[in-house]
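Every heavy atom of this structure was used, including side-chain atoms; hydrogens, water molecules and symmetry mates were not. This structure is a prediction, so every number in the text was calculated from the model and none was measured.
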Amino acid sequence: MDVNLAAAGAAAIRKVLFKTNSDCLGNESINMKTSKLFTAIAVSAALALSVAQAKEKKHEEESIKSADVPAALQKAAETEAKGGKIVRWEKEGHNYEAVIEKNGKRTGFTFDANGKKLNKHDEAKEKGEKH
């Protein structure tokens, strides 16, 4: 979809830039083209921003209580946390993340709904980290 939006925006800008207007002469023609160009740029920017926001919403994390985490997930996270402790749970779409603190370092472990570990990452490197 991003490619289609970008192509449509580019086509609109090309149309404005290369359209010849035989009825207008001189500065009126330039002012009209400039006005149309700014409109096309504004519309393209608004579309790009809405696409970026839609992508960002897909990765929203929701903090949840451990009581709301399925038992299979808790068991899998406890296995990963040996020697450490689970400091918080998050729901990310259909997956869950357990943030585990071990030896002073926080690591996020992502699990599917059945307790299968999908990945792990260093929480200190995650942007916008909430502590």
Side-chain angles (χ1 to χ4, degrees):
M1 182 173 180
D2 295 337
V3 174
N4 292 337
L5 280 174
I13 291 171
R14 278 195 305 274
K15 184 177 179 183
V16 171
L17 286 175
F18 298 111
K19 181 179 179 189
T20 58
N21 191 347
S22 59
D23 296 337
C24 296
L25 299 172
N27 289 338
E28 290 177 14
S29 176
I30 293 171
N31 287 339
M32 187 183 302
K33 285 184 180 182
T34 303
S35 173
K36 288 181 179 180
L37 175 62
F38 284 130
T39 302
I41 291 171
V43 169
S44 296
L47 287 172
L49 181 61
S50 67
V51 169
Q53 287 176 341
K55 279 187 174 183
E56 187 175 309
K57 285 183 180 180
K58 288 181 181 177
H59 185 67
E60 284 186 9
E61 299 173 345
E62 175 188 352
S63 291
I64 58 173
K65 298 176 183 177
S66 60
D68 297 330
V69 177
L73 292 170
Q74 288 192 16
K75 184 176 180 182
E78 287 169 5
T79 300
E80 294 293 337
K82 285 188 180 175
K85 69 175 187 169
I86 300 170
V87 293
R88 76 173 179 271
W89 282 96
E90 297 173 353
K91 182 137 172 46
E92 300 175 346
H94 297 291
N95 297 325
Y96 294 82
E97 179 179 351
V99 178
I100 298 171
E101 188 171 314
K102 195 186 261 187
N103 301 322
K105 182 178 176 184
R106 288 187 177 193
T107 306
F109 291 85
T110 305
F111 299 93
D112 68 10
N114 298 317
K116 178 183 174 191
K117 183 172 78 171
L118 302 175
N119 65 39
K120 72 177 189 175
H121 62 274
D122 184 354
E123 282 288 298
K125 294 179 181 176
E126 191 171 274
K127 285 187 176 181
E129 178 59 25
K130 302 171 264 181
H131 288 287

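A heavy-atom distance below 4.5 Å is not found between the side chains of Lys125 and Glu123.
In summary, the side chains of Asn119 and Thr110 do present a donor paired with an acceptor at a separation below 3.5 Å, with no hydrogens or angles considered.
Of all non-hydrogen atoms in Asn95 and Asp112, the two that sit nearest each other are OD1-CA, 3.6 Å. The minimum heavy-atom distance linking Ala77 with Ala98 is given by the pair CB-CB, 3.9 Å.
Rounding to the nearest 0.5 angstrom, the gap separating the CZ atom in Phe109 from the CH2 atom in Trp89 is 10.5 Å. Interatomic distance, CD of Glu92 versus CD1 of Ile64, reported as 10.0 Å (0.5 Å rounding). One distance of note links CD of Gln74 with OH of Tyr96; it measures 10.5 Å at 0.5 Å rounding. Interatomic distance, Lys102 NZ to Ile100 CD1, rounded to the nearest 0.5 Å: 7.0 Å.
Side-chain atoms of Asp122 come within 3.5 Å of backbone atoms of Ala124 as a donor-acceptor pair (strictly under, hydrogens ignored).
Residues Leu73 and Val99 fall into different hydrophobic clusters, defined by Ile, Leu, Val, Met, Phe, Trp and Tyr side chains chained together at heavy-atom separations under 4.5 Å.
Partners of Asp68 under the side chain to side chain contact (heavy atoms under 4.5 Å, CB included) rule, at least two apart in sequence or in another chain, are Lys65.
Between Arg106 and Glu101 a salt bridge is recorded (basic side-chain N to carboxylate O distance below 4.0 Å).
Listed by first and then second residue, the salt bridge (Lys or Arg N to Asp or Glu O under 4.0 Å) pairs that reach into residues 78-87 are Glu80-Lys117, sequence neighbours excluded.
At most 12 non-hydrogen atoms from other residues, nucleotides or ligands lie less than 6.0 angstrom from NZ of Lys120.
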